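Owing to the predicted nature of the structure, the values given are computational and were not obtained by experimental measurement. Here is the naming used below: chain letters follow the sequence lines, and residue numbers restart at 1 for every chain. Side chains are part of it too, since the values below use all heavy atoms of this structure and drop only hydrogens, waters and symmetry mates.
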Amino acid sequence: MAKAFGIITSSADKKVAGLQEYRSIGAFSFLGRYRVIDFPISNFSNSNINNIQVYIASMPRSMVEHIGTGRHYNINSKRGKIQILFPDQTMANEVYNTNIKNFRRNIEQIKKMEKEYVVIAPSCMIFAQDYDALLQDHAQSGSDITLLYHKVTDAKKGYATCNVLDLDGNRVKGISACLSDKDEENIFMESYVMKTELLYSLIEKAAAVSSIYSLSDIVNAELKNMDVRAVEHKGFFAPITSLRTYLKANIDLINPENSDDLFKKDWPIYTRTTDACPTQYYATTSVKNSLISNGCLIKGTVENSVIGRGAVIEEGAVVKNCVISAYDKIGKGAVLENQVVDKYATINDGTKVIAPAATPGYIKYRDKL
Amino acid sequence: MAKAFGIITSSADKKVAGLQEYRSIGAFSFLGRYRVIDFPISNFSNSNINNIQVYIASMPRSMVEHIGTGRHYNINSKRGKIQILFPDQTMANEVYNTNIKNFRRNIEQIKKMEKEYVVIAPSCMIFAQDYDALLQDHAQSGSDITLLYHKVTDAKKGYATCNVLDLDGNRVKGISACLSDKDEENIFMESYVMKTELLYSLIEKAAAVSSIYSLSDIVNAELKNMDVRAVEHKGFFAPITSLRTYLKANIDLINPENSDDLFKKDWPIYTRTTDACPTQYYATTSVKNSLISNGCLIKGTVENSVIGRGAVIEEGAVVKNCVISAYDKIGKGAVLENQVVDKYATINDGTKVIAPAATPGYIKYRDKL
Amino acid sequence: MKQNEMLAMILAGGRGSRLHDLTNKVAKPAVSYGGKYRIIDFPLSNCANSGISTVGVLTQYESVLLGSYAAKSGLWGLDTKDSGVYVLPPREKADSDLDVYRGTADAITQNIDFIDNYDPEYLLVLSGDHIYKMNYDKMLAYHKAQNAAATIAVMPVTLEEATRFGIMITDEDNKIIDFEEKPAHPRSTLASMGIYVFDWAKLRALLIKDKDDENSSHDFGNDIIPALLNGGEKLVAFKFEGYWKDVGTIDSLWEANMDLLDENNELNLNDPTWRIYTEDAAPLPAYIGPDAEIGAAYITQGTRVEGEVKNSVIFTGAEVGKGAHIIDSVLMPGVKVAEGATVTRALIANDIKVSKDAVVGSADSKEILLVAQDV
Amino acid sequence: MKQNEMLAMILAGGRGSRLHDLTNKVAKPAVSYGGKYRIIDFPLSNCANSGISTVGVLTQYESVLLGSYAAKSGLWGLDTKDSGVYVLPPREKADSDLDVYRGTADAITQNIDFIDNYDPEYLLVLSGDHIYKMNYDKMLAYHKAQNAAATIAVMPVTLEEATRFGIMITDEDNKIIDFEEKPAHPRSTLASMGIYVFDWAKLRALLIKDKDDENSSHDFGNDIIPALLNGGEKLVAFKFEGYWKDVGTIDSLWEANMDLLDENNELNLNDPTWRIYTEDAAPLPAYIGPDAEIGAAYITQGTRVEGEVKNSVIFTGAEVGKGAHIIDSVLMPGVKVAEGATVTRALIANDIKVSKDAVVGSADSKEILLVAQDV
């Protein structure tokens with residue numbers, strides 16, 4: 001039993017065009033059969049952190065149904081608990097909807113945890129991390145807070161709403177928005193390890209200073225008073241911060257080199273099963289370099305794409321560099337390139353929708369076109 | 001498998017002083033170990049209605065945790081589902097927060113049900129009802145809608161926010177607020193059986209006529225165009241519409257004559273277990289005519305009261321005609337009469353809080369006095 | 001149906017010896033089928049979908065894997081407060097020594113105490129090794145409407161097939177007037193599917209009588225059904241139309257898998273109103289590599305295909321290397337076919353490795369090749 | 001601990017014949033205790049609370065109730081994706097006939113195939129009929145820190161009691177240097193609690209050797225522990241302090257229930273950090289009638305008390321009529337004591353009815369009266 005409880009923040013500050021109108025990023029489907037929230041929850045479960053609070057900013061239905069009581073995440077319901085925590089009321093002015101406000105609203109639930117440490121992780125980033133190891137490392141270091149970061153060499157692309165860490169060795173000197181024109185940056189993975197007592201005091205301090213402070217703001221403001229240390233994360237890392245990065249994260253993981261790095265035998269990523277049957281392929285099909293979920297009927301051509309559960313790709317349809325979501329129907333002779341097609345959409349026979357890779361298209365939930 | 005799905009409405013129009021500041025009526029604890037929502041869910045489960053939608057108006061946390069995936073209500077998770085549905089956003093002006101608005105927000109989920117009939121029940125009323133029998137009765141009658149009512153002889157007391165049915169035989173002539181000065185009234189139990197298609201059309205009609213129409217308003221307005229029939233409910237019935245009726249419903253059910261009528265062997269009321277151990281009674285105790293949940297320590301005097309899980313009644317304390325909630329501590333020599341004490345409250349040694357039966361007192365969640 | 005109005009007992013003790021090496025380590029009901037399922041998923045999912053709450057699984061031979069699998073009652077949603085799947089091997093009792101189940105009826109007799117705990121009105125007896133979808137609730141409704149002592153599900157077979165089955169001779173009202181086990185000259189083509197609904201009280205009395213009958217083989221077909229008929233009880237036939245398969249041999253197991261390649265196959269595993277539930281291994285979706293060639297195929301998640309797959313069924317965890325060819329074959333769970341290998345008209349058993357450039361099976365073989373050792 | 005690093009096997013085959021009529025129909029681990037529990041809830045809850053995922057329950061005699069109870073793995077939260085409680089009676093195998101478990105070690109030997117499925121590093125062997133709370137994860141940590149082949153939980157007893165136990169003689173580092181079964185003249189007062197952590201690989205090899213040893217009784221205490229000691233393996237004692245009770249007799253079962261009347265009893269079932277989980281019967285809270293007289297008592301939900309209850313434990317579903325007196329007694333589940341009856345120093349078995357004005361037991365009796373038939 002770990003000495004920590006886990007918090008998964010809502011990532012309400014990230015904005016992904018289209019998809020996010022219908023659910024929060026944590027509830028986005030991912031790689032055909034997962035949801036983004038499966039990654040942080042599985043990380044906690046695999047790290048023996050069995051008391052998990054998932055903070056939700058809005059549109060909770062799909063998240064509540066997906067998480068359930070957490071049995072499918074291997075959490076013993078008697079010894080552990082996945083608790084879903086809701087905001088009081090969403091404020092019209094979005095700047096007020098901070099994670100600090102959400103923590104304060106649910107402070108009684110945080111106090112019930114009775115664990116010495118807290119580990120905080122975001123709901124919008126795809127990576128594997130052993131938090132138990134990080135926790136032990138943190139306790140040994142004697143630091144006040146340990147933050148996790150990932151070194152990237154393409155900082156100009158795709159990290160627009162992320163923060164970066166300014167480091168002096170492994171000491172954190174500053175946390176700021178990723179606006180630089182450098183290629184190399186230390187992207188802050190919005191993951192914290194600290195004593196629960198310290199989280200209480202930071203929540204109180206943040207509220208005293210500014211109503212719009214988030215946790216990273218108050219940590220940044222308090223850097224001079226605390227020993228805040230950074231640990232570098234190695235391995236696959238993909239923040240979901242835009243439609244383009246969402247599509248890219250999916251397509252990058254078709255490559256077994258990437259997926260073998262994220263999905264390890266001793267680090268299972270759990271999800272809810274839907275009991276779909278295997279996928280049926282037809283004599284007319286051509287499938288290359290793709291991930292195909294169960295329950296599909298594939299008659300057409302699929303390349304470099306991720307196909308969700310129960311999708312139908314009709315004869316002569318061509319799907320390239322796309323994420324096709326669950327229960328989509330792609331009609332005969334339709335052509336899709338660089339598209340994210342939301343669930344239950346119908347692409348009529350012969351429809352062609354092609355976008356450049358840098359600015360992929362989004363096709364709406366239940367849309368017909 | 002029943003041909004109907006079930007809807008449990010939020011009862012957001014009822015106002016219970018105190019308790020409701022912390023949770024909706026469905027999430028109120030009841031008889032020490034239940035919650036009010038256990039009654040409508042168990043009614044559906046026992047009636048073989050395994051697809052259940054629970055509509056929530058606000059403060060969903062405790063309801064979400066209590067309901068979980070519904071296994072404890074005997075719902076096979078593969079064949080059935082308890083789905084929790086949330087409002088879009090609570091409107092500042094409460095008149096807008098109608099059940100029709102909540103249905104419209106979640107209309108896609110209603111459409112997925114694919115059942116011929118719908119049974120609608122309130123979350124705020126305590127009674128047992130075989131909806132499968134009512135459904136068959138409805139189908140045979142050929143009526144458009146069947147409503148359930150209970151005949152009372154104390155209509156002046158405790159039904160203030162309920163509606164009454166104006167009947168001609170079993171034909172419904174009108175639905176109106178219970179404002180009469182008569183003692184005998186037919187209290188409308190906010191339970192409906194109708195075809196799902198009719199519910200769709202009523203939802204659309206209501207929205208077209210008035211933004212503040214609730215389901216009962218539109219049914220009332222359409223009475224002349226439809227065959228609406230009423231069926232009388234027999235047996236224990238207690239609407240939770242005020243602090244007084246909440247206290248009364250609890251205390252009435254201490255009496256085995258009432259509890260034997262509500263809790264029948266072939267009609268179990270399911271709830272979530274908390275794994276509390278049995279209750280410890282001491283040599284100093286005196287307990288008369290009370291219901292005592294598990295996990296309590298009882299040293300003092302308890303009369304005509306319902307005691308929730310894990311409560312402590314210290315030596316010399318006197319508790320009469322009260323609902324003591326889970327984890328309350330009643331200090332030495334404290335005296336409570338006609339009080340509803342919310343959870344985790346502490347009554348200090350020697351404190352006396354006495355109210356008349358007609359206007360019981362409420363002691364706040366986590367309060368110390 | 002009402003909670004525990006009808007209890008189901010699945011006879012899952014068969015050795016399935018005609019499945020050769022496939023059943024060395026697992027009982028036949030635990031054999032894999034259809035990419036991701038085990039055979040016993042079918043009766044268990046049928047029970048769940050028919051609203052049955054309590055299921056006993058009567059195991060006997062090599063049941064450790066079958067037992068631990070069936071015990072995961074949540075896989076079929078049968079883990080609510082008052083439901084469950086209970087694995088029931090033979091056991092020692094106060095009044096009798098430990099003994100194997102002597103026949104299908106004896107397996108029920110030895111578990112009368114278990115059944116009595118639930119006090120059901122009806123008992124449903126099923127076989128654990130048939131592939132089909134069936135609503136037992138409808139069968140129960142028929143049983144009640146006919147006011148029968150026992151109802152037996154039957155399906156029409158050809159006259160030739162009829163010689164291999166228990167055959168029911170019925171009158172125009174589906175009342176069973178006679179019964180023949182594997183008749184040389186069948187008088188009817190209605191074959192028993194081994195699916196029975198009994199009035200529990202009547203069956204119980206009969207089983208207790210049968211228990212000490214030294215001339216009895218303690219079998220439903222041989223002893224219990226004839227005894228009911230002779231006793232003048234009303235037995236009726238419940239006609240089933242649809243896909244039903246007893247996968248008793250390697251050929252029939254292969255064939256049952258191949259049936260799934262036809263989009264319009266009668267079994268229709270893609271029916272959202274009657275799902276077959278099974279263990280979910282939580283792997284990635286199927287990875288189809290850049291050089292893969294996929295023809296008509298049935299492929300489940302957790303597989304990696306980098307070669308050619310035509311007219312084949314690929315089970316969870318199976319892998320097909322670059323330049324490998326899988327033709328008219330079934331790769332059971334965990335099979336690894338290395339680069340350049342060719343597999344034709346074969347059924348490769350669980351976790352078998354086919355080495356680089358190996359050639360397995362042939363297009364001309366009459367029988368399907370079972371590969372149960374690494375090649 | 002890591003998933004399946006340590007598997008637990010609970011020996012639950014005891015006939016418990018000294019519990020007389022209480023174990024006619026149920027195995028001893030299924031006997032009721034403490035108002036709402038069964039004895040086996042203790043090792044199972046200890047497993048759940050210690051982070052163990054997979055538990056085998058080795059049943060033998062009259063196990064239908066015990067088997068269906070333990071199979072409800074969700075009661076202890078052991079029904080997550082990769083956890084489970086598996087009921088394992090003796091079973092027929094390809095290479096051996098159906099046979100009872102010949103001893104505690106043989107019960108494990110016959111399930112080596114089950115254990116191998118999970119490939120654990122350590123095996124925890126427990127008894128299914130002891131009442132205690134223990135963190136096995138701490139015991140495992142001790143086992144690892146000591147780098148032992150086996151770790152045995154021991155507790156200090158009096159010299160007199162020591163003659164009834166397996167006694168461990170240890171050096172100053174808790175290393176076991178000798179072992180004596182029920183010694184007439186004990187050399188130590190450290191009694192084995194029948195709780196063992198083994199390195200699975202070492203135990204496995206030893207069990208396979210022991211299996212065919214005709215001189216072996218296939219018992220952990222008699223054969224396996226001595227064999228390890230003689231083989232020069234490091235065995236260490238893990239000292240337990242706290243409440244532990246083997247309720248082998250009616251007197252000790254009554255006593256263990258009476259222990260709960262002391263608010264400061266060492267077992268402390270009211271500890272929120274180490275709950276004992278059990279089946280929840282979903283009844284109403286305890287109803288205490290207008291004329292009831294309650295003294296020191298331990299009463300669970302689903303009971304109705306309208307008479308006097310003093311120094312007694314009242315189990316789920318029990319009822320005490322008006323003017324009845326229950327003194328120094330235990331009413332097991334479902335007991336109905338009618339109006340005016342008096343029960344003193346008695347243990348009334350499940351579902352027994354005590355009729356109007358009956359007088360049962362006496363304040364002067366030396367032994368506790370077991371009432372197992374309606375009176």
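Contact check on Lys288(A) versus Glu306(C) returns no salt bridge, with no Lys/Arg side-chain nitrogen under 4.0 Å from an Asp/Glu carboxylate oxygen.
Ranked by heavy-atom pairs under 4.5 Å with chain A, the first of Ala292(C), Gly35(C), Ala297(C) is Ala297(C). By number of non-hydrogen pairs under 4.5 angstrom with chain A, the leading residue of Pro283(C), Ser45(C), Gly34(C) is Pro283(C). For chain A, the option among Leu284(C), Asn311(C), Asn270(C) with the highest count of heavy-atom pairs below 4.5 Å is Leu284(C). Contact count versus chain A (heavy atoms, under 4.5 Å) is highest, among Thr278(C), Val313(C), Asp291(C), Asp79(C), for Asp79(C). The most heavy-atom pairs under 4.5 Å with chain C, out of Ala283(A), Gly32(A), Ser290(A), come from Ser290(A). When each of Ile299(C), Leu269(C), Ile294(C), Leu260(C) is scored by its heavy-atom pairs under 4.5 Å with chain A, the top score falls to Ile299(C). Of the listed residues Gly310(A), Pro256(A), Ser293(A), Gly308(A), the one with more heavy-atom pairs under 4.5 angstrom with chain C than any other is Pro256(A). Annotation: maximal heavy-atom pairing with chain C below 4.5 Å, among Ile269(A), Asn294(A), Thr284(A), Thr271(A), occurs at Asn294(A).
Neither the backbone nor the side chain of Arg309(A) comes within less than 4.5 Å of any heavy atom in chain C. No part of Ser286(A) comes within reach of chain C, as not one of its non-hydrogen atoms sits under 4.5 angstrom from that chain.
Scanning all heavy atoms of the two residues, the minimum distance from Ile292(A) to Pro285(C) falls at O-CB, 3.3 Å.
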Go through it in stages, so that I can follow the logic: the residues are Tyr281(A) and Val309(C), the test is side-chain contact (heavy atoms from CB on, under 4.5 Å), and I'd like the CA-CA distance, side-chain angles, deciding distance and then a yes or no. CA-CA 10 Å; Tyr281(A) 299 78; Val309(C) 173; over 6 Å; no
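With Gln280(A) contributing its side chain and Leu261(C) its backbone, the two residues share a donor-acceptor pair below 3.5 Å. A donor-acceptor contact shorter than 3.5 Å is absent between the side chain of Lys36(C) and the backbone of Asp275(A).
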